[in-house]
Amino acid sequence: MTVMQFEHLGYAPDFVDYQQAWEHQREVHAAVVARERPDVVLLLEHQAVFTAGKRTEPHERPFDGTPVIDVDRGGKITWHGPGQLVGYPIVHLPSNKDVVAHVRRLEDMMIGVCADLGVAAHRVAGRSGVWVLADDRGGDRKVGAIGIRVARDVTMHGFALNADCDLGWAQQIVPCGIADAGVTSLSRELDRDVTVQEILPLAERHLARVFDMTTDEANEAARARGAVQGTTPLPVGLL
């Protein structure tokens, strides 16, 4: 079983500045590498910002010259901001060969959150993240994005799951470098307001599951922020 902590950095109306969160990530990463802290998942809601991974092409950046923060994760350009749950798992991997498995765990976690709410989300071959497949409401559309970095066998960066964010940001860039698909949110798919606070305890439960936390550890972490009442067991297991 994995010993892991959840650390909550801030949510609406106390949105978290991206640069400050990135610096905190680096500090936590150094502590986890040195085994001064157990594995940690940072959970938060950012102030609005565009960030560009190392593979971002010039034509994928904002068409209106909006500033972008270049970061050291994989992937391409994306947006973070109000109405989106962001998670940064800073966890040990058995080796760099486990990077794909790490991405699959994050996808599985987001698929589980979507399923809990009644949204059928899927993986799409050749594309990371989590997708709602084409239907009478539109073509394939991404509801959850992933971008990671691994240094000294410990991960950084992570996932972003759209709850009730303004999707207008996707009109300013080529999201994740994918020009032939759209983006969506849980609120849009369910035709009701799905907030970050609603999906937060679901994300904690599924993170506990995919990272194989013990039930007691997961309950204690969730109860610490008031997400679990009594002794309701959490699902635990391997991906």
Side-chain angles (χ1 to χ4, degrees), residues 2-53 67-75 78-92 102 105-106 109-110 113 129 143-151 154-166 169 185-186 194-211 213 217-228 234:
T2 300
V3 177
M4 181 179 289
Q5 297 176 342
F6 293 130
E7 182 176 335
H8 299 267
L9 299 188
Y11 306 96
D14 300 317
F15 302 111
V16 180
D17 175 78
Y18 187 86
Q19 293 279 20
Q20 291 178 349
W22 191 12
E23 178 59 31
H24 186 62
Q25 270 198 84
R26 289 191 285 258
E27 293 171 355
V28 174
H29 182 272
V32 172
V33 166
R35 300 193 181 275
E36 296 169 353
R37 291 192 64 173
D39 291 350
V40 179
V41 181
L42 307 178
L43 293 165
L44 64 147
E45 198 172 349
H46 274 302
Q47 295 174 2
V49 64
F50 287 109
T51 70
V68 177
I69 297 176
D70 290 284
V71 296
D72 57 356
R73 60 166 171 79
T78 193
W79 174 92
H80 296 309
Q84 181 188 73
L85 176 62
V86 173
Y88 299 129
I90 303 176
V91 302
H92 286 274
H102 179 66
R105 289 185 193 99
L106 298 183
M109 177 275 297
M110 289 192 287
V113 172
V143 67
I146 294 173
I148 68 167
R149 177 174 184 258
V150 181
V154 174
T155 64
M156 289 184 67
H157 302 288
F159 68 88
L161 184 57
N162 297 334
D164 59 347
C165 51
D166 180 356
W169 62 267
S185 67
L186 292 165
V194 180
T195 66
V196 167
Q197 288 302 313
E198 180 177 351
I199 68 173
L200 184 55
L202 304 178
E204 287 184 341
R205 290 180 181 225
H206 285 286
L207 285 163
R209 174 176 60 83
V210 301
F211 285 109
M213 291 172 67
E217 289 165 351
N219 275 329
E220 182 179 355
R223 192 178 296 111
R225 55 166 302 279
V228 172
L234 300 184

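The two residues Leu207 and Met109 have their closest heavy-atom pair at N-CG, 3.7 Å. Minimum interatomic distance between Ala163 and Val196 (heavy atoms only, all atoms of both residues): CB-N, 3.8 Å. Of all heavy-atom pairs between Met110 and Ala145, the closest is CE-O, 3.9 Å. Looking at every heavy atom in both residues, Leu85 comes nearest to Ala203 through CD2-CB, 3.6 Å. Nearest heavy atoms, Val40 versus Val91: O-CG1, 4.3 Å. Nearest heavy atoms, Leu43 versus Gly87: CD2-CA, 3.9 Å.
When atom types are taken as modelled, the side chain of Gln25 and the backbone of His157 share a donor-acceptor pair closer than 3.5 angstrom. Of the possible polar contacts, one joining the Arg73 side chain to the Thr51 backbone as a donor-acceptor pair under 3.5 Å is found. Side-chain atoms of Glu45 come within 3.5 Å of backbone atoms of Gly83 as a donor-acceptor pair (strictly under, hydrogens ignored). Judged by distance alone, the side chain of Asn162 and the main-chain N or O of Gly144 form no donor-acceptor pair under 3.5 Å.
Side-chain contact annotation: Gln20 with His24, donor-acceptor N/O pair under 3.5 Å absent. Donor-acceptor pairing under 3.5 Å is lacking for the side chains of Asp17 and His46.
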Q | Met156 vs Tyr88, side-chain contact (heavy atoms from CB on, under 4.5 Å): CA-CA, chis, key distance, verdict | A | CA-CA 6 Å; Met156 289 184 67; Tyr88 299 129; over 6 Å; no
Q: Kindly indicate, with the supporting measurements, whether the criterion side-chain contact (heavy atoms from CB on, under 4.5 Å) is fulfilled by Asp39 and Ile90.
A: CA-CA 6 Å; Asp39 291 350; Ile90 303 176; over 6 Å; no
Q. Hey, mind stepping through Arg26 and His29 against side-chain hydrogen bond (donor to acceptor under 3.5 Å, both in side chains) and telling me if it holds?
A. CA-CA 5 Å; Arg26 289 191 285 258; His29 182 272; over 6 Å; no
Q. Given the rule in the salt bridge (Lys or Arg N to Asp or Glu O under 4.0 Å) test, do Arg37 and Glu7 qualify, once you have shown the distances and angles that lead to the verdict?
A. CA-CA 12 Å; Arg37 291 192 64 173; Glu7 182 176 335; 3.1 Å; yes
Q. Does the side-chain contact (heavy atoms from CB on, under 4.5 Å) test come out yes or no for Leu9 and Asp14, once each step is laid out?
A. CA-CA 9 Å; Leu9 299 188; Asp14 300 317; over 6 Å; no
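The distance from the OG1 atom of Thr195 to the CG atom of Leu200 is 9.0 Å, given to the nearest 0.5 Å.
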